[in-house]
Peer 1: 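The structure that follows is given in the form of structure tokens.
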Amino acid sequence: MIGVLIAIISGALMSIQGVFNTGLSKQTNLWFSNLFVQVTALIMCFIMFLVTKSKWQFADLLHVKNKYILLGGIIGAFITMTVISSISKLGTAKGIMIIIISQMIVAYLIELFGLFGTDRQPFEIKKAIATIITIVGIYLFKS
């Protein structure tokens with residue numbers, strides 16, 4: 001249950017952040033607003049790191065298996081940029097809905113093929129049908 005609540009909060013925060021970041025980019029520019037978002041996120045993470053007294057050393061990153069997992073921050077910069085661009089071009093609801101369906105499809109494919117160290121899941125026709133229904137719902141909403 002706590003996982004569902006956290007996911008709901010995450011989705012709400014992503015939508016709000018997308019609107020805020022789009023508004024900022026309209027008053028500055030895309031890459032400057034992205035830079036500001038990432039720097040403030042860095043500061044917040046550093047503060048939380050200190051507050052929680054996490055025990056970690058930078059050298060620990062050298063021992064990470066599958067070095068590609070270190071690309072999360074770079075991907076995060078492009079996530080921020082693409083969210084800003086999609087909301088700016090499509091509007092908040094349409095942009096976020098298409099982002100969510102994309103997340104759902106890619107997440108399902110990652111599980112289906114066991115990519116990036118995830119446990120491989122079997123194909124289920126009901127999940128494919130649910131995805132199609134979601135896509136149709138988004139189409140109906142935006143038309």
Side-chain angles (χ1 to χ4, degrees), residues 1-25 29-143:
M1 184 62 178
I2 190 73
V4 172
L5 180 60
I6 291 170
I8 290 168
I9 293 168
S10 176
L13 290 174
M14 291 168 114
S15 295
I16 294 166
Q17 181 197 36
V19 172
F20 287 6
N21 294 348
T22 302
L24 179 61
S25 73
N29 70 48
L30 180 62
W31 285 108
F32 180 78
S33 62
N34 198 350
L35 172 68
F36 179 78
V37 168
Q38 302 306 324
V39 168
T40 55
L42 171 68
I43 292 167
M44 188 65 208
C45 288
F46 186 70
I47 290 168
M48 293 308 295
F49 174 77
L50 295 175
V51 167
T52 60
K53 297 178 175 72
S54 297
K55 292 182 177 28
W56 174 85
Q57 296 177 358
F58 195 81
D60 292 341
L61 292 175
L62 299 174
H63 305 293
V64 169
K65 295 178 185 170
N66 301 322
K67 300 293 186 212
Y68 63 84
I69 65 173
L70 297 173
L71 296 173
I74 294 169
I75 292 170
F78 285 99
I79 290 169
T80 302
M81 186 269 301
T82 55
V83 168
I84 290 170
S85 296
S86 63
I87 289 175
S88 177
K89 291 176 180 15
L90 300 172
T92 304
K94 289 179 193 175
I96 295 296
M97 278 194 273
I98 293 170
I99 289 167
I100 290 169
I101 191 68
S102 173
Q103 286 179 316
M104 191 171 79
I105 291 168
V106 171
Y108 185 55
L109 291 173
I110 288 170
E111 284 188 347
L112 196 60
F113 295 107
L115 303 175
F116 311 119
T118 62
D119 292 333
R120 190 174 181 159
Q121 301 295 320
F123 175 79
E124 294 182 44
I125 192 69
K126 70 180 180 179
K127 289 183 181 180
I129 292 169
T131 302
I132 292 167
I133 290 170
T134 305
I135 292 169
V136 169
I138 289 172
Y139 174 77
L140 290 174
F141 182 90
K142 74 176 216 180
S143 61

Peer 1: Heavy atoms only: give me the nearest Ile79-Thr82 pair and the separation to one decimal.
Peer 2: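 Minimum heavy-atom separation between Ile79 and Thr82: O-OG1, 3.0 Å.
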
Peer 1: Quick check on Lys126: does its NZ atom have over 12 non-hydrogen neighbours (other residues, nucleotides or ligands) under 6.0 Å away?
Peer 2: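 Counting other residues, nucleotides and ligands, NZ of Lys126 stays at 12 neighbours or fewer.
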
Peer 1: Give a yes or no on whether Phe78 atom CZ has more than 12 heavy-atom contacts from other residues, nucleotides or ligands under 6.0 Å away.
Peer 2: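 Result for CZ/Phe78: open.
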
Peer 1: Does the side-chain contact (heavy atoms from CB on, under 4.5 Å) test come out yes or no for Gln38 and Asn34, once each step is laid out?
Peer 2: CA-CA 6 Å; Gln38 302 306 324; Asn34 198 350; 3.1 Å; yes

Peer 1: Are side-chain heavy atoms of Val64 and Asp60 found at a separation under 4.5 Å?
Peer 2: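 No. Closest side-chain heavy atoms not under 4.5 Å.
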
Peer 1: About how many Å separate CG of Leu140 and CD1 of Ile133, when rounded to the nearest 0.5 Å?
Peer 2: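 Answer for the CD1-CG pair, Ile133 versus Leu140, is 11.5 Å.
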
Peer 1: Are more than 12 heavy atoms, taken from residues, nucleotides or ligands other than Tyr108, located less than 6.0 Å from that residue's OH atom?
Peer 2: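 Check passes, neighbour count above 12.
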
Peer 1: So do Ser86 and Ile99 actually touch side chain to side chain, heavy atoms under 4.5 Å?
Peer 2: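 Touching, per the 4.5 Å side-chain cut-off.
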
Peer 1: Check Leu115 against Thr118 and note the closest heavy-atom contact, atom names and distance.
Peer 2: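 Reported closest heavy-atom pair: O-OG1, 2.9 Å.
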
Peer 1: Could you check whether atom CE of Met104 has more than 12 heavy atoms from other residues, nucleotides or ligands sitting under 6.0 Å from it?
Peer 2: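 Result for CE/Met104: enclosed.
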
Peer 1: Measuring from Ser33:OG to Met81:CE, what's the distance to the nearest 0.5 Å?
Peer 2: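 Spacing of OG (Ser33) from CE (Met81) equals 10.5 Å.
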
Peer 1: Under 3.5 Å, side chain of Arg120 to main-chain N/O of Phe113, donor-acceptor pair present?
Peer 2: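 Side chain of Arg120 to backbone of Phe113, a donor-acceptor pair under 3.5 Å: no, none is there.
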
Peer 1: Roughly how far, to the nearest 0.5 Å, is the CZ atom of Phe32 from the CG atom of Leu24?
Peer 2: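 Nearest 0.5 Å value for the CG-CZ distance: 7.5 Å.
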
Peer 1: Would you compute the distance between atom CD1 of Ile105 and atom OG1 of Thr134 and round it to the nearest 0.5 angstrom?
Peer 2: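 With rounding to 0.5 Å, CD1 (Ile105) is 8.5 Å from OG1 (Thr134).
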
Peer 1: Is there a donor-acceptor pair closer than 3.5 Å between any side-chain N or O of Lys67 and the backbone N or O of Leu62?
Peer 2: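 Looks like yes, one N/O pair under 3.5 Å.
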
Peer 1: Check this for me: Phe49, atom CZ, are more than 12 non-hydrogen atoms of other residues, nucleotides or ligands nearer than 6.0 Å?
Peer 2: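 Result for CZ/Phe49: enclosed.
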
Peer 1: Is there side-chain contact between Val83 and Met14, with at least one heavy-atom pair below 4.5 Å?
Peer 2: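 Val83 vs Met14: side chains apart.
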
Peer 1: Check whether any side-chain heavy atom of Leu90 sits under 4.5 Å from a side-chain heavy atom of Ile96, and report yes or no.
Peer 2: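 No, side chains not in contact.
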
Peer 1: Please report the shortest heavy-atom distance between Ile101 and Thr131, naming the atom on each side.
Peer 2: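 It is CD1-O, 4.0 Å.
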
Peer 1: Can you name the nearest heavy-atom pair linking Gly117 to Tyr68, along with the distance?
Peer 2: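 That closest heavy-atom pairing would be N-OH, 4.2 Å.
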
Peer 1: Which atom pair, heavy atoms only, marks the closest approach of Ser25 to Ile84?
Peer 2: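 Heavy atoms only, the tightest pair is OG-CG2, 3.1 Å.
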
Peer 1: Supply the atom-to-atom distance Ile69 CD1 to Ile75 CD1, rounded to the nearest 0.5 angstrom.
Peer 2: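 Going from the CD1 atom of Ile69 to the CD1 atom of Ile75 covers 11.0 Å.
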
Peer 1: So which atom in Leu30 and which in Ser85 form the shortest heavy-atom distance, rounded to 0.1 Å?
Peer 2: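 For Leu30 versus Ser85, the nearest heavy atoms are CD2-OG, 3.8 Å.
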
Peer 1: How long is the span from the CD atom in Gln17 to the OG1 atom in Thr22, to the nearest 0.5 Å?
Peer 2: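 Rounded to the nearest 0.5 Å, the CD-OG1 separation comes to 9.5 Å.
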
Peer 1: Would one find more than 12 heavy atoms of other residues, nucleotides or ligands at under 6.0 Å from atom CZ of Phe123?
Peer 2: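 Result for CZ/Phe123: enclosed.
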
